[in-house]
Amino acid sequence: MSSSTDPQAPSSAGMPPLAAKGPPADRKFPCKKCGARLDFDPASRALHCPYCGFLERIEPSSREVQATNWDEYWENHAGQETTIAGRSSQVTCAACGAVVLLEDRVAADRCPYCVAFLENKPEEAQALIPPAGLLPFAIPERQARDAFNDWIARRWFAPNGLYQFANLGQLSGVYVPFWTYDSMTYTHYTGERGDDYTDTETYTETDANGQQVTKTRQVTKTRWTPVSGEVQHFFENVLVYASRSMPEYYVYKLEPWELPRVEEFRPEFLSGFQTERYTVGLRDGFGKAREMMDVQIRRLCEQDIGGNHQRLSAVHTQHVGVTFKHVLLPLWLAAYRYGDQTYRILVNGRTGKVVGSRPYSWIKITLFVLAILAIILAAILVFSQLARSGRAQRSAYPADREAERRAQACALASPWPPGPNNPPASMVP
Ligand SMILES: [Zn+2]
Ligand SMILES: [Zn+2]
């Protein structure tokens with residue numbers, strides 16, 4: 001990595017050691033009344049006993065979430081990884097590669113991401129850079145299911161099976177791993193600035209008489225001048241999805257997350273929820289973060305260049321005082337197989353925002369298209385019928401009047417009934 005140590009970077013002396021001694025790995029959260037395992041309840045933000053209803057509040061922490069200095073980490077702490085308390089085993093999904101951290105002595109039978117059966121045997125949890133913070137679930141399952149059902153109901157052309165599935169409401173609550181990076185960036189660029197100007201151009205044209213005429217017109221041209229310069233920008237909380245088990249496209253659509261509200265990590269918040277282990281490491285994650293930052297840096301360079309057009313030929317960025325955090329974000333997930341495809345619906349466990357993929361029912365789409373065609377056809381028929389009868393009526397009226405006029409003329413010419421004083425017209429000499 002191209003970052004260098006910044007003497008101004010905050011000292012990491014006050015930071016807790018990375019491999020902090022947590023509670024023993026088999027620690028659970030027993031109910032103080034009945035001894036059953038307590039689960040985190042998003043609605044009351046407390047540990048809740050599913051058997052006796054006992055609630056144990058989780059007090060807000062006054063401690064700030066600590067970011068780790070990148071250089072400091074690689075110099076002093078790399079390799080000092082640990083496991084998360086209460087998650088002593090892990091299982092890898094053979095289908096999507098997700099590594100699910102299992103609660104002690106709790107087995108998962110299906111992968112929450114792709115609903116494939118977890119065929120692999122659980123193994124001892126691999127050490128990891130422990131989460132520095134998390135956003136606890138704020139939306140309980142019922143609310144997530146409502147959001148999910150609303151979403152499904154608004155999908156057009158979804159197969160009927162999807163609605164049935166929606167009614168089942170099989171949602172898994174998963175804490176999904178992310179990296180966040182902060183970085184001070186200094187960029188040097190070279191390129192060109194394009195300024196538009198108007199020029200008068202002479203051209204010849206053949207007129208209607210076949211004569212060659214010379215005319216002028218205004219054209220816009222660009223004058224390019226070489227430029228170079230420096231921009232600097234502080235990036236805060238650049239969020240990188242640290243797994244490959246879901247398409248990134250969906251994951252990033254779940255934003256915004258309330259990242260400033262990330263809390264100090266405490267295993268209590270995970271109780272009763274699944275937790276995924278990161279499979280995108282710290283370095284790969286930073287590579288992704290850098291790509292994201294580069295897009296914005298190029299935009300800043302272009303702004304700095306000004307003019308009507310900009311070209312960048314070289315952009316060199318130095319990252320200084322990089323810090324990172326491993327954070328867990330809450331997601332309600334519904335994955336299902338329809339046909340031979342896996343579809344996923346993701347609900348942001350903080351905001352209730354829903355994103356997902358869904359199957360289309362080709363039968364419904366075909367029926368819909370046929371119905372539209374039938375309506376158009378019926379409309380054409382009705383209109384042509386109306387037009388025809390309209391023409392017929394318009395022609396009927398004058399003809400009637402003409403017949404009446406003729407009959408009157410006839411009656412005048414031959415009064416009725418015919419008699420000796422009233423001979424038929426034909427008999428009038
Ligand atoms: Zn209890
Ligand atoms: Zn899977």
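Just so you know, ligand 1 is whichever comes first in the structure, and atom 1 is the first atom listed for that ligand.
For the atom pair CG (L239) and CH2 (W179), the distance works out to 12.5 Å, reported to the nearest 0.5 Å.
Of the N and O atoms on the side chains of N69 and T323, not one donor lies less than 3.5 Å from an acceptor on the other residue. Counted by atom type alone, Q211 and D207 present zero donor-acceptor pairs between their side chains at under 3.5 Å. Counted by atom type alone, E201 and T216 present zero donor-acceptor pairs between their side chains at under 3.5 Å. Side-chain contact annotation: Q218 with T200, donor-acceptor N/O pair under 3.5 Å present.
In this structure, H48 has no ring pair (Phe, Tyr, Trp, His ring centres under 6.0 Å) partners at least two apart in sequence or on a different chain.
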Identify all side-chain donor-acceptor contacts of residues 246-257 below 3.5 Å with residues at least two apart in sequence or on another chain.
from : atom 1 : to   : atom 2 : distance (Å)
E248 : OE2    : K288 : NZ     : 2.2
Y249 : OH     : K253 : NZ     : 3.3
Y252 : OH     : Y241 : N      : 2.9

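Between E123 and K121 no salt bridge is recorded (no basic side-chain N to carboxylate O distance below 4.0 Å).
Scanning all heavy atoms of the two residues, the minimum distance from G352 to A147 falls at O-CB, 3.7 Å.
Protein atoms of type N, O or S found under 2.8 Å from the Zn ion (ligand 2) total 4. Protein N, O or S atom count below 2.8 Å of the Zn ion (ligand 1): the structure gives 4.
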